[in-house]
Amino acid sequence: PAMSTTEEGVSADILESEMAAAKAASSAEETAGAASLEDEATKELEAIPVQGSNRECTFILRNEDHTLGNALRCTLMRNPRVSFAGCSVPHPLTKEIHLRIVTVSDDVAPADCLAEGLRDLYASAESLLHQFDSAYDEFVASNESAAGDGADVKINIKQEFMGSFN
């Protein structure tokens, strides 16, 4: 078969094969990059134990900010099995928090306290939502004219609020 050439005298077939190879390499890099991003996204919780201590651990919670961190820290400090709980945001541009938990003894695992703290915080949020529902229902019952658009607002607030815990 006859080879076609470009104005520069380079074979068009060679250019096409080089372009195809470049596209394949680019596609492979994108796939590898996407896989590494997926690996990072799946590591939403990482535990970094303090060497030589069973009582201390730093947990990195990705895709969270100080809103959850401070609420969780306060909840943890109410636990008598926790002697210290601290929360920090290492950098304002990274969406992660570092939560340090120190327990009162070696028999109490920081991970167990974290799980208990998350359950307690969730229960508090559900209680708050129940109180909101009750107060809103009372308001609607006493002011029938407010029932129209207000019911839609209540549903939206409830979905947004509870959606943050799923």
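All figures in this text were calculated on a predicted structure; none of them were measured in a lab.
- Using a distance-only test at 3.5 Å, with no hydrogens or angles considered, no donor-acceptor pair links the side chain of Arg81 to the main chain of Val104.
- Separation of atoms CG (Asn70) and CD1 (Ile97) is listed at 8.0 Å; rounding is to 0.5 Å.
- If you chain together hydrophobic residues whose side chains sit under 4.5 Å apart, Leu76 and Leu45 fall into the same group.
- To the nearest 0.5 Å, atom CZ of residue Arg100 and atom OG1 of residue Thr58 are 4.0 Å apart.
- At a threshold of 4.5 Å between non-hydrogen side-chain atoms, the residues Leu72 and Cys87 do not count as touching.
- Clustering ILVMFWY residues whenever any of their side-chain heavy atoms sit less than 4.5 angstrom apart, transitively, puts Val89 in the very cluster that holds Leu99.
- Listed by chain and number, the residues in a side-chain contact (heavy atoms from CB on, under 4.5 Å) with His91 are Leu93, Thr94 (sequence neighbours excluded).
- Between Ser83 and Val102 the shortest side-chain heavy-atom distance falls below 4.5 Å.
- Note that SG of Cys74 is 13.0 Å distant from CG of Asp120, once rounded to the nearest 0.5 Å.
- Taking the six-membered ring where tryptophan is involved, the planes of Phe132 and Tyr136 are essentially parallel, since the angle between them stays under 30° and well short of 60°.
- Considering every non-hydrogen atom in both Leu121 and Ala71, the closest pair reads CD1-CB, 4.0 Å.
- His98 is not listed as a side-chain neighbour of Ile48, based on a closest heavy-atom distance of 4.5 Å or more.
- The closest donor-acceptor contact from the side chain of Ser88 to the backbone of Pro90 lies at 3.5 Å or more, if one exists at all.
- We find the CD-CD distance between Glu126 and Gln131 to be 12.5 Å, quoted to the nearest 0.5 Å.
- From Leu61, atom CG reaches atom CD of Glu46 across 10.5 Å, with rounding to the nearest 0.5 Å.
- Both Leu68 and Ile101 are assigned to one and the same hydrophobic cluster, defined by single-linkage of ILVMFWY side chains at heavy-atom distances under 4.5 Å.
- With sequence neighbours left out, the side-chain hydrogen bond (donor to acceptor under 3.5 Å, both in side chains) criterion links Asn54 to no other residue.
- What you find for Phe84 and Gly86 is that their closest heavy atoms are CE2-N, 3.6 Å.
- For Glu96 and Arg62, the salt-bridge test passes: some basic side-chain N is under 4.0 Å from an acidic carboxylate O.
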